[in-house]
Amino acid sequence: MILIVAEHADDRLKPISRELAVLGRELADDLGRTLTVAILARDPASLVEECRALGPDRIVTVAGDRLEPYDPDVWTAAVEALVSEDEPAFVLAGHTSTGYDFLPRVAARTGRPLVPACIEWQRHGERVVFTRPVFNAKMHMRVTPKGEGPCFVTAAPGAFPPREPDEAGSGPPQDGGEPRLDAFDVDLSGLPVRSKRIGRESAAAGALDLGSADIIVAGGRGIREKEHFGLIDDLAEALGGAVGASRPVVDSGWRPRDYQIGSSGQTVSPRLYVAVGISGAVQHLVGMQSSRCIVAINKDADAPIFKVAHYGIVDDLFSVVPEITRTVRALKGQSPPVGSAGSGRESD
Amino acid sequence: MSPGAAASGRDTLMKVIVCLRPVPDPASRLFVNEDRTWIKDAELSFVTNEADTHACEAALELCERVSASRSEAGEVVVLSIGRDRAARVLREGLAMGAARAIHLADDDFEGGDEYVRARMIARAVEKDGGADVLLTGVQSDDLGGGVTGVMAAELLGWAHASVVVGVNAVEAGLRARRELEGGLIETLELATPCVLTIQLGINQPRYATLRGIMAAKKKEMKTWSRGDLGMAAGDVGSEGALCQVTEVRVPERDHRVQMLSGSPAEAAARLVEKLRLEAKVI
């Protein structure tokens, strides 16, 4: 059996749960196992309907007041109890602030393997080999869990995208019809309270909404100094786009927190995304990789940003970016409908 | 200060242990090694993992604030696994202001996954008489799984909070701000002892002063072997790992990327034309 621990908020499944179902179904079908989705919630009933659409063979609900708000100790106890009862071959959670927060505890408690941030898997004979990014995604490492018994995996967000509903062969499978529905009873009320959520707020005031921008030019660590960020502003202005930033820029105080694009900032998918001096940490890629056209400018040819880019320039951004700005300005200077006496188009 | 004194004084002393990991300089060009199980790292220069320098700063600030408010001494201890590289990052931690260092060094420690690292850290913390807080960086620039600190918390039987962007001592223990997805921050109160994994950007790590560097040379650095930690050969290194490394490889580049070469002006002109005529996005 393959066990998925669904993530949810406000009585809705989070997108990562659908991605886990993709990985879970692939593994289950390939290994000839069944797929179970576990819902841990105060009132799991409200999520059952959505979980059916994930196409599991079985849905198991774990109910308890202590399961919300999320507390790693409580989720660890619940999942450990489920695992020892059901003995799944693989237990999948998201590589998210929930998944990487509790699943390592379950793995360490049971002394079983954990594969963090999994992006891919393959069958090697009887064994499953998982791929995880290492060295800031400059390398990939394939690992084989040792021994028999449950293996824990956190799936990198975006690595197992659900199929679009209108694609052939998609939709709630399969042959089995309705999934079985089980309630799993575990007493969580006696666990000591060691951590308690006392507040929750948005980090940035949210003045800047990049979600609706058509064109975004984003600067990263390669900019090196706050004073150089004008290069990004200039190119964005020339293109008529918005300005964004990667985490190091915001951490260094060169731009406010609401400019940040990535898993802990804004998620964007503009028509054109220009990444300047951004190496492409996994957390950044999650926030922009669905952009229609991605341009990467970086002096490091091995930078992972080139893996998601459509066009790449490996060079010093301080030489290239002003040239792009100049070319775009020249182009735009020529294009307005009112005929201008401007010079001809820049040669190429 | 001896472990015994630290342990006996723990009712009134804030003791923070910080894990520092030596990682290849992020600017390094990386190559896969001969047997394709790791990178060729013999020639690389190693630095302290970036998030760990933030963890070290957070530890120093936490102890300074506690000392200032309760007129009690706080103690920061730095801990690292590995040979000379680890000793070097420990000296950097001492130069930043940590009181003493624990160096876990043994030929058997080569290789190993997060579980092995977490076990060694937990053993070392216990052997040193425990602590109030254990800090790690949110993730390392080598394995990058972001799970070692959480696993260490489990093995120690302590509470934890991951991806911490703010921390303060309060009456009940610690108050920590945790980063969630989509720009959300949650505030937690945690009972000590506990483990926090520290996110980049929580602070500006201080530079070591010349005086700090000189003082570091006189500070205590304990070196513990596998035997000192009471661990068997099969518990550490790649033998102790729960996952076997099958292969390390350079990721295949997605074939859709078109690299535009030439002088800056030529590359810029090519790019703009592609964006206009091929991608039709400007």
Side-chain angles (χ1 to χ4, degrees), chain A residues 72 96-97 100-101 104-105 108-109 112-117 129 133-136 138-146 194-204 239 247 251 263-265 271-272 292-293 295 302 306-307 309-315 319-320 323-324 327-328 331 346 348, chain B residues 26 29-30 32 39 114-115 118 141-147 150-151 153-155 159-163 179-181 183-191 200-201 242-251 253-254 256-260 264-265 267-275 279 281-282:
Chain A
T96 61
S97 63
Y100 58 57
D101 196 61
R105 287 201 87 114
R109 191 171 293 184
R112 295 293 309 151
L114 170 73
V115 181
V129 178
V134 292
F135 296 103
N136 293 315
K138 283 188 180 180
M139 293 281 171
H140 283 173
M141 186 162 84
R142 292 186 167 157
V143 295
T144 313
K146 293 181 188 171
R194 300 194 295 185
S195 68
K196 199 167 69 183
R197 179 190 291 175
I198 57 169
R200 197 172 171 180
E201 83 267 19
S202 193
L239 287 166
R247 169 168 213 114
D251 283 349
S263 59
S264 49
R271 187 171 80 222
L272 172 62
R292 202 170 109 204
C293 178
V295 175
D302 297 330
F306 289 118
K307 278 200 62 200
H310 302 87
Y311 300 105
I313 297 178
V314 179
D315 206 337
S319 328
V320 174
E323 289 293 344
I324 301 173
T327 312
V328 171
L331 178 72
E346 289 291 303
D348 102 289
Chain B
R29 196 91 209 267
L30 304 180
V32 178
I39 54 163
E114 290 95 342
Y115 179 70
D141 291 329
D142 54 3
L143 285 178
V147 300
V150 177
M151 285 184 166
E154 175 62 31
L155 297 171
H160 84 273
S162 60
V163 205
E179 187 177 87
L180 310 178
E181 285 81 7
L184 281 177
I185 302 282
E186 76 174 359
T187 306
L188 299 171
E189 269 186 8
L190 288 121
L200 301 170
L242 298 179
C243 282
Q244 184 181 349
V245 177
T246 307
E247 186 185 23
V248 170
R249 57 192 310 185
V250 178
R253 176 163 288 164
D254 196 322
R256 69 183 184 167
V257 67
Q258 291 187 43
M259 288 301 195
L260 307 174
R270 286 204 180 102
L271 174 67
V272 171
E273 182 168 286
K274 294 270 185 196
L275 293 179
V281 289
I282 59 171

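Chain naming here is simple, since letters A, B, ... match the order of the sequence lines and numbering starts at 1 in each. Every value quoted in this text rests on a predicted model; they were computed, and no experiment measured them. Below, all heavy atoms of this structure are taken into account, side chains as well, without hydrogens, waters or symmetry copies.
For B:Thr246 against A:Val129, the heavy-atom pair with the smallest separation is OG1-CG1, 4.1 Å. B:Leu180 and A:Ser97 get closest at one heavy-atom pair: CD2-OG, 3.6 Å. Minimum interatomic distance between A:Tyr311 and B:Leu271 (heavy atoms only, all atoms of both residues): CB-CD1, 3.8 Å.
For B:Ala279, the parts lying near chain A are the backbone and the side chain together; criterion is any non-hydrogen pair under 4.5 Å. For A:Asp101, the parts lying under 4.5 angstrom from a heavy atom of chain B are both the backbone and the side chain. Within the 4.5 angstrom heavy-atom criterion, atoms from both the backbone and the side chain of B:Val250 approach chain A. In this structure, the portion of A:Arg112 lying under 4.5 Å from any heavy atom of chain B is its backbone and not its side chain. For A:Pro116, the part lying under 4.5 angstrom from a heavy atom of chain B is the side chain only. Interface remark: A:Leu239 contributes side-chain atoms only to the contact with chain B (heavy atom separation under 4.5 Å). When heavy atoms are compared at a cutoff of 4.5 Å, B:Val147 approaches chain A by way of both its backbone and its side chain. Both the backbone and the side chain of B:Leu143 come within less than 4.5 Å of a heavy atom in chain A.
When A:Arg197, A:Arg109, A:His140, A:Glu323 are compared by the number of non-hydrogen pairs under 4.5 Å with chain B, A:His140 comes out ahead. Among A:Pro72, A:Ser264, A:Pro145, the residue making the largest number of heavy-atom pairs under 4.5 Å with chain B is A:Ser264. Contact count versus chain A (heavy atoms, under 4.5 Å) is highest, among B:Gly144, B:Gly145, B:Gly146, for B:Gly145. Comparing A:Val320, A:Val295, A:Thr96, A:Ile313 by heavy-atom pairs within less than 4.5 Å of chain B, the highest count is held by A:Ile313. The candidate from A:Ser319, A:Pro104, A:Ser195 with the greatest count of non-hydrogen atom pairs under 4.5 Å with chain B is A:Pro104. Per-residue heavy-atom pair counts under 4.5 Å with chain A were compared for B:Asp141, B:Val245, B:Leu190, and the maximum is reached by B:Asp141. The candidate from B:Val163, B:Leu155, B:Ile282, B:Leu200 with the greatest count of non-hydrogen atom pairs under 4.5 Å with chain A is B:Leu200. Taking A:Val328, A:Asp302, A:Asp315 one by one and counting their heavy-atom pairs under 4.5 Å with chain B, the maximum is reached by A:Asp302.
Partners of A:Val314 under the side-chain contact (heavy atoms from CB on, under 4.5 Å) rule, at least two apart in sequence or in another chain, are A:Ala301, A:Phe306, B:Met259. Taking the side-chain contact (heavy atoms from CB on, under 4.5 Å) definition, one finds that B:Thr187 meets it with A:Ile198, A:Glu201, B:Arg175, B:Arg177, sequence neighbours left out.
Between B:Glu186 and A:Arg200, none of the side-chain N atoms (NZ, or NE/NH1/NH2) sits under 4.0 Å from a carboxylate O, so this pair counts as no salt bridge.
For the residue pair A:His310/A:Arg292, the side-chain donor-acceptor check at 3.5 Å is not satisfied.
To the nearest 0.5 Å, atoms CD (B:Glu189) and NZ (A:Lys196) are separated by 6.0 Å. Rounding to the nearest 0.5 Å places CD1 of A:Ile324 at 8.5 Å from CG of B:Leu275.
The closest side-chain heavy-atom distance from B:Cys243 to A:Val115 is below 4.5 Å.
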